[in-house]
Undergrad: 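Just passing along the structure, written as structure tokens.
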Number of protein chains: 2
Amino acid sequence: MALSREQVVVGAYSVLQEQGLGGLSMRRVAQHLGVQPGALYYHVASKQELLAEIASRILADPPTTDPRQAARDLRAALLRARDGAEVVSFVHAFRPDALAALQTLPALFTDLPPREAGWAARALVHYVLGFVAEEQNRAELVRLGVLPDDAPDADEAFEFGIGAITAGSYLDPR
Amino acid sequence: MALSREQVVVGAYSVLQEQGLGGLSMRRVAQHLGVQPGALYYHVASKQELLAEIASRILADPPTTDPRQAARDLRAALLRARDGAEVVSFVHAFRPDALAALQTLPALFTDLPPREAGWAARALVHYVLGFVAEEQNRAELVRLGVLPDDAPDADEAFEFGIGAITAGSYLDPR
DNA sequence: ACCTGAACACCGTTCAAGT
DNA sequence: ACCTGAACACCGTTCAAGT
């Protein structure tokens with residue numbers, strides 16, 4: 001039963017859940033699948049490509065509602081995967097167009113001219129990725145006991161930020 | 001003439017300029033200084049500590065004016081160093097308090113209550129770091145000829161973002 | 001077509017031993 | 001006090017050779 005690209009991606013995803021992004025190596029994925037490291041390269045061109053595949057699965061479907069709700073959904077999707085924000089940020093950095101789910105964001109800023117809608121979408125994405133990366137990092141440090149578990153106002157803080165970024169860009173609140 | 005911590009940091013900084021963050025290894029810093037890799041660890045506890053030192057030098061002095069100008073100054077400081085935004089983001093991720101220059105930002109939101117000032121400052125920092133990271137990444141890809149040199153409206157796009165984030169948080173525009 | 005074995009060119013970090 | 005030499009435990013990637 002030959003290995004498949006799908007199995008490689010799923011295997012990598014589960015290594016990510018168990019070890020975090022820092023522990024996600026090609027060699028560990030191979031070990032997890034009971035195969036030699038070189039075998040992975042028959043199904044996947046590089047670690048970057050593998051990460052891009054994982055990132056788009058983390059993001060899942062493109063947003064369809066208003067920008068604020070899209071930001072909330074994006075945050076929720078990132079929080080579902082261990083180090084989700086870090087993985088997506090990494091991919092977003094060197095291949096922004098690889099993430100289809102982020103491509104439709106500008107169209108949600110219906111009352112802005114195209115140029116500005118693009119800028120607004122980028123601002124929102126940068127904010128969400130940065131916010132959740134910090135959030136997941138803190139959670140990890142709390143898990144390791146190196147940080148006290150304060151700041152339960154993450155939801156409120158997040159909402160403040162998206163409120164600010166989208167303020168004035170479209171008029172119906174809530 | 002014994003090596004000093006200062007020389008290690010300066011050496012690392014110049015390797016960063018020449019090779020970028022991806023090429024910044026302890027071994028290359030050692031080579032650049034004409035010393036064995038192990039010698040560095042007499043002056044610096046880890047690569048992370050070294051990066052934290054570099055990051056605070058990239059940021060230089062804390063901002064003193066209004067949030068919008070602080071954001072512009074922050075962007076300018078990041079652009080001065082190769083991969084500046086990536087370096088600072090990395091350090092900010094696992095040691096946010098190590099960057100003194102970002103600590104004073106909340107105080108600039110003079111018309112917001114403390115909690116909200118903190119949120120606004122974080123939103124602004126996430127936006128600036130994300131924006132400049134993308135900007136420097138694009139510039140690198142253009143330099144390598146893999147991307148066409150379009151999008152000269154970076155300043156305008158940046159200004160749009162900080163305008164949005166700080167809109168309503170204090171009342172005098174400009 | 002698909003995988004193994006083995007190598008290549010790297011990493012960060014530690015630490016006895018030298019001076 | 002400060003550095004070397006050498007090792008440890010890793011990396012991503014390639015590629016002849018096997019099946």
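What you see is a predicted model; the values in this text were computed from it and never measured. Here is the naming used below: chain letters follow the sequence lines, and residue numbers restart at 1 for every chain.
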Undergrad: In whole angstrom, give the distance that lies between atom CD of A/Q31 and atom P of C/dC3.
TA: 17 Å

Undergrad: In sequence, state the C-alpha distance, the side-chain angles, and the governing distance for B/L112 and A/F160, and then conclude on side chain to side chain contact (heavy atoms under 4.5 Å, CB included).
TA: CA-CA 12 Å; B/L112 290 181; A/F160 178 90; 4.2 Å; yes

Undergrad: Applying the Watson-Crick and G-U wobble criteria at under 3.5 Å, what pairs with C/dC11? Answer none if nothing qualifies.
TA: none

Undergrad: If you compare every side-chain N and O of A/H43 against the phosphate oxygens of C/dA1 (OP1, OP2), does one of them come in below 4.0 Å?
TA: no

Undergrad: In the structure shown, which nucleotide is the Watson-Crick or G-U wobble counterpart of D/dT4, with both distances under 3.5 Å?
TA: C/dA16

Undergrad: Whole-Å distance between C/dT13 C1' and B/Q48 CD?
TA: 13 Å

Undergrad: In whole Å, what separates the C1' atom of D/dC11 from that of C/dC8?
TA: 12 Å

Undergrad: Looking only at the side chain of A/A39 (C-beta and beyond, no hydrogens), which of the listed nucleotides C/dC11, C/dT4, D/dC11 gets closest?
TA: C/dT4

Undergrad: Send over the distance from B/Q19 CD to C/dC10 P, rounded to a whole Å.
TA: 11 Å

Undergrad: Using heavy atoms to find the nearest nucleotide of DNA chain D for B/L40 and B/R27 separately, return the residue whose nucleotide is more 5′.
TA: B/L40

Undergrad: Locate the shortest heavy-atom distance separating A/R68 from A/I162; write the atom from each residue and the value.
TA: O-CD1, 3.8 Å

Undergrad: Write down the distance between CE (A/M26) and C1' (D/dG12), rounded to a whole number of angstrom.
TA: 8 Å

Undergrad: Grab the CG-P distance between A/L21 and D/dC11 for me, whole Å please.
TA: 13 Å

Undergrad: At under 4.0 Å, does any side-chain N or O of B/Q36 touch on OP1 or OP2 of D/dG5?
TA: yes

Undergrad: Rounded off to whole Å, could you give me the OH-to-C1' distance for the A/Y41 and C/dA6 pair?
TA: 15 Å

Undergrad: Describe the nucleic acid contact of A/A2 in one word from base, sugar-phosphate, nothing, applying a heavy-atom distance below 4.0 Å.
TA: sugar-phosphate

Undergrad: Please tell me which of B/G34 and A/A45 maps to the more 5' nucleotide of DNA chain D, matching each residue to the nucleotide holding its nearest heavy atom.
TA: B/G34

Undergrad: Could you pick out which residue, A/L3 or B/P37, lies toward the 5' side of DNA chain C when each is mapped onto its nearest nucleotide?
TA: A/L3

Undergrad: A/K47 has a side chain; which of C/dG12, D/dT13, C/dT13 sits nearest to it?
TA: D/dT13

Undergrad: Where do A/Q136 and A/L79 come nearest, in terms of heavy atoms and distance?
TA: NE2-CA, 3.6 Å

Undergrad: Name all pairs fulfilling the side-chain hydrogen bond (donor to acceptor under 3.5 Å, both in side chains) condition that reach into residues 43-54 of chain A, sequence neighbours left out, sorted by first residue then second.
TA: A/R5-A/E49, A/R5-A/E53

Undergrad: Please determine whether a side-chain nitrogen or oxygen atom of B/Y42 lies at a distance below 4.0 Å from atom OP1 or OP2 of D/dC3.
TA: no

Undergrad: Please report, rounded to the nearest Å, how far the P atom of C/dC11 is from the CG atom of B/L50.
TA: 14 Å

Undergrad: Using atom CG of A/L51 as one end and atom C1' of D/dG12 as the other, report the distance to the nearest whole Å.
TA: 12 Å

Undergrad: Treat each ILVMFWY residue as a node, draw an edge where side-chain heavy atoms are under 4.5 Å apart, and state whether B/Y13 and B/V10 are in one component.
TA: no

